[in-house]
Amino acid sequence: MIKKPIGLLLNGVIVSFGLLPLLAQAQQPVPVSATQVAAMVEALRQAAPQTKKLNDGYYSEWQVKPGTLKGWTRTCLKRELTPTQFENSPAIARQVVSCITRRELTNQLRATNNNEIASVRGAACWWMTGSYTGCNKGFTAEYVQKVVRFYQQQRSKPAATQS
């Protein structure tokens with residue numbers, strides 16, 4: 001009689017170990033595609049608040065703060081750029097923004113169980129405030145909605161026309 005419960009227990013352990021890789025795989029986020037990153041980068045650019053001031057303290061078409069810029073360029077380029085260097089090189093600015101966007105979309109896809117639009121919302125909120133949540137009213141809510149709208153427009157374009 002004792003052999004049967006042990007056999008059942010052993011079979012249960014074996015089946016459990018066999019299922020672990022499948023469970024781990026199911027929880028992995030789908031990798032962020034280049035198309036998703038490009039759409040988000042363009043959406044952030046289009047939604048960037050325009051202050052109408054010549055020297056407003058923000059840099060590039062994405063309106064990045066100088067303090068933020070240091071960390072981002074160090075992370076993405078392995079060197080710091082000055083705000084002027086960032087401002088004067090649209091290609092480098094796009095490269096840095098793409099790098100950070102890829103990281104944040106990946107984080108959000110993981111956090112939202114691969115919900116693309118929820119991930120875009122979270123990343124847009126983070127972009128504006130430094131937090132993934134709390135952008136559900138006022139200026140930040142409007143900004144996040146703009147980003148989502150521009151993102152969806154970019155995603156609906158054929159891949160060859162995306163910049």
Side-chain angles (χ1 to χ4, degrees), residues 24-163:
Q25 186 178 18
Q27 294 175 344
Q28 296 288 327
V30 176
V32 177
S33 72
T35 305
Q36 288 171 305
V37 171
M40 186 69 177
V41 166
E42 186 58 20
L44 291 168
R45 187 191 68 75
Q46 289 178 321
Q50 301 303 314
T51 64
K52 309 248 190 291
K53 293 180 189 173
L54 188 56
N55 296 314
D56 62 4
Y58 295 95
Y59 296 89
S60 84
E61 294 179 89
W62 290 273
Q63 298 291 283
V64 179
K65 293 178 182 179
T68 303
L69 183 59
K70 277 184 168 184
W72 287 3
T73 57
R74 198 177 321 115
T75 295
C76 297
L77 303 175
K78 306 302 181 228
R79 63 187 171 102
E80 284 184 18
L81 292 183
T82 66
T84 304
Q85 290 171 311
F86 187 79
E87 178 83 22
N88 290 337
S89 179
I92 289 176
R94 185 172 290 273
Q95 178 185 350
V96 171
V97 170
S98 295
C99 166
I100 295 302
T101 297
R102 178 174 300 282
R103 181 189 76 190
E104 294 308 317
L105 278 177
T106 299
N107 289 343
Q108 285 302 287
L109 281 168
R110 189 176 299 117
T112 65
N113 199 24
N114 297 321
N115 182 322
E116 186 175 6
I117 297 303
S119 298
V120 169
R121 280 191 180 99
C125 185
W126 175 85
W127 184 269
M128 180 58 71
T129 68
S131 175
Y132 297 111
T133 59
C135 293
N136 49 2
K137 60 184 173 199
F139 173 78
T140 56
E142 291 171 23
Y143 172 78
V144 167
Q145 277 309 111
K146 259 197 223 180
V147 172
V148 169
R149 189 173 64 253
F150 288 135
Y151 179 85
Q152 289 173 322
Q153 288 171 2
Q154 290 298 311
R155 289 286 279 145
S156 69
K157 291 181 180 181
T161 64
Q162 291 186 4
S163 48

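FYI, side chains are in, hydrogens and waters are out, and symmetry mates aren't considered; it's all heavy atoms of this structure. Numbers here are sequence positions counted from 1.
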Under the side chain to side chain contact (heavy atoms under 4.5 Å, CB included) test against Y151, which residue among Q46, E42, R121, E116 passes?
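Between Y151 and the candidates, side chain to side chain contact (heavy atoms under 4.5 Å, CB included) is satisfied uniquely by E116.
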How are the rings of W127 and W72 set relative to one another: parallel (under 30°), tilted (30 to 60°) or perpendicular (over 60°)?
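Tilted, since the angle between the ring planes falls between 30° and 60°.
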Worked verdict on N107 versus Y132 for side chain to side chain contact (heavy atoms under 4.5 Å, CB included):
CA-CA 10 Å; N107 289 343; Y132 297 111; 3.7 Å; yes
Exam field: side chain [X] to backbone [Y], donor-acceptor pair closer than 3.5 Å:
| X | Y | value |
| --- | --- | --- |
| T75 | G71 | yes |
| S89 | F86 | no |
| R102 | V32 | yes |

Closest heavy-atom pair and its distance - [X], [Y]:
| X | Y | answer |
| --- | --- | --- |
| T101 | V37 | CG2-O, 4.2 Å |
| M40 | A124 | CE-N, 3.7 Å |
| A118 | T112 | CB-CG2, 3.8 Å |
| P49 | Q63 | O-CG, 3.3 Å |
| E61 | R45 | OE1-NH1, 3.2 Å |
| A123 | E104 | CB-CB, 4.4 Å |

Applying side chain to side chain contact (heavy atoms under 4.5 Å, CB included) to V41 and R94, what does each step give before you reach the verdict?
CA-CA 8 Å; V41 166; R94 185 172 290 273; 3.6 Å; yes
As a quick check of understanding, evaluate side chain to side chain contact (heavy atoms under 4.5 Å, CB included) for I117 and Q152, giving each step before the final call.
CA-CA 9 Å; I117 297 303; Q152 289 173 322; 3.7 Å; yes
Could you grab the distance from atom [atom1] of [X] to atom [atom2] of [Y], nearest 0.5 Å is fine?
| X | Y | atom1 | atom2 | value |
| --- | --- | --- | --- | --- |
| T82 | K70 | OG1 | NZ | 10.5 Å |
| F139 | T129 | CZ | OG1 | 11.0 Å |
| M128 | L44 | CE | CG | 9.0 Å |
| C76 | R103 | SG | CZ | 7.0 Å |
| K137 | E142 | NZ | CD | 13.5 Å |
| L105 | S119 | CG | OG | 6.5 Å |

What pairs of residues pass the disulfide (SG to SG under 2.5 Å) test when at least one of them lies in residues 108-149, not counting sequence neighbours?
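For residues 108-149: C125-C135.
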Taking side chain to side chain contact (heavy atoms under 4.5 Å, CB included) as the definition, give me every residue that meets it alongside A47, ordered by chain and number, with sequence neighbours left out.
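Partners of A47 under the side chain to side chain contact (heavy atoms under 4.5 Å, CB included) test: Y143, K146, V147, F150.
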